[in-house]
Student: 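Handing you a structure now.
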Number of protein chains: 2
Amino acid sequence: MSRVAVTVMPRQGVLDPQGQAVHGALERLGFSGVSDVRVGKRIEIEIDAPDPVEAAEEMCDRLLANALIEDYSVEPLS
Amino acid sequence: MSRVAVTVMPRQGVLDPQGQAVHGALERLGFSGVSDVRVGKRIEIEIDAPDPVEAAEEMCDRLLANALIEDYSVEPLS
């Protein structure tokens, strides 16, 4: 049994309204000096597979990420 | 200018309906061997601050994470 972490982020250049909303909220709370905020997903998967990273990459291609607007990366955990 | 990555995940023991939905969808797509899926957020912040990690931790406490049901971690990028 292995654990992998999948990170899915909006591609550079793609509008990120959630990031803009967080950026605005941070400024209204008084946090200065923030110049960019990007919001994405982290998905931790516990899986029994010969190659867990490869399996997770296939999951990204088929379900977890939208390749048009998102990039993903997969890292093994512990 | 520094970049930090904030990871916000549902606490252990807290119900994660989004993770359950992804788990079910993976099984319906034919991915076997998955025993657990947890879905959280990753927030990348570009910030000009004396201690960017400390600033991001304060952002988590005040806005980005709900301490009742979520854990967070902050790591510096590049």
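Every chain is numbered from 1 and lettered A, B, ... according to where its sequence line falls, protein lines coming before strand lines.
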Student: For A:K41 and B:K41, run side chain to side chain contact (heavy atoms under 4.5 Å, CB included): C-alpha distance rounded to whole Å, both residues' side-chain angles, the deciding distance at 0.1 Å, then the answer.
Tutor: CA-CA 4 Å; A:K41 284 171 288 189; B:K41 282 172 290 188; over 6 Å; no
Student: Return the option, out of A:L64, A:V6, A:V37, A:V8, with the maximum number of heavy-atom pairs under 4.5 Å with chain B.
Tutor: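 Result: the option with the highest number of such pairs is A:V37.
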Student: Would you compute the distance between atom OG of A:S35 and atom CD1 of B:I47 and round it to the nearest 0.5 angstrom?
Tutor: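 Taking OG in A:S35 and CD1 in B:I47, the distance rounds to 8.5 Å.
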Student: Using a 6.0 Å cut-off, check whether atom CD of A:E75 has over 12 heavy atoms from anything other than its own residue.
Tutor: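 Buried by this count: over 12 neighbours within 6.0 Å.
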Student: Need one label for A:A55: side chain, backbone, both or neither, based on atoms under 4.5 Å from any heavy atom in chain B.
Tutor: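 Backbone of A:A55 only, per the 4.5 Å heavy-atom cut-off to chain B.
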Student: For B:T7, which atoms come within 4.5 Å of any heavy atom of chain A: side chain, backbone, both, or neither?
Tutor: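 For B:T7, the contact with chain A is made by the side chain alone.
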Student: Is it true that a side-chain atom of B:R38 and a backbone atom of B:R11 form a donor plus acceptor pair closer than 3.5 Å?
Tutor: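 Such a contact is found between B:R38 side chain and B:R11 backbone.
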Student: Nearest 0.5 angstrom please: B:C60 SG to B:N66 CG, how far?
Tutor: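 Rounded to the nearest 0.5 Å, the SG-CG separation comes out at 12.0 Å.
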Student: Tell me which of these, B:M9, B:R3, B:E44, has more heavy-atom pairs under 4.5 Å with chain A than the rest.
Tutor: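 Answer, by heavy-atom pair count under 4.5 Å with chain A: B:E44.
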Student: Do B:L63 and A:L29 have side chains that approach each other closer than 4.5 Å (heavy atoms only, starting at C-beta)?
Tutor: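 Of all side-chain heavy-atom pairs linking A:L29 with B:L63, at least one is under 4.5 Å.
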Student: Going by residue number, which parts of residues 15-28 of chain B are within reach of chain A, meaning a heavy-atom gap below 4.5 Å?
Tutor: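 So the qualifying residues are B:V22, B:A25, B:L26.
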Student: Side chain to side chain contact (heavy atoms under 4.5 Å, CB included) for B:M1 and B:E46? Distances and angles first, verdict last.
Tutor: CA-CA 7 Å; B:M1 194 67 66; B:E46 195 168 295; 3.5 Å; yes
Student: Atom OG in B:S73, atom CZ in A:R42: separation rounded to 0.5 Å?
Tutor: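 Answer rounded to 0.5 Å: 7.0 Å.
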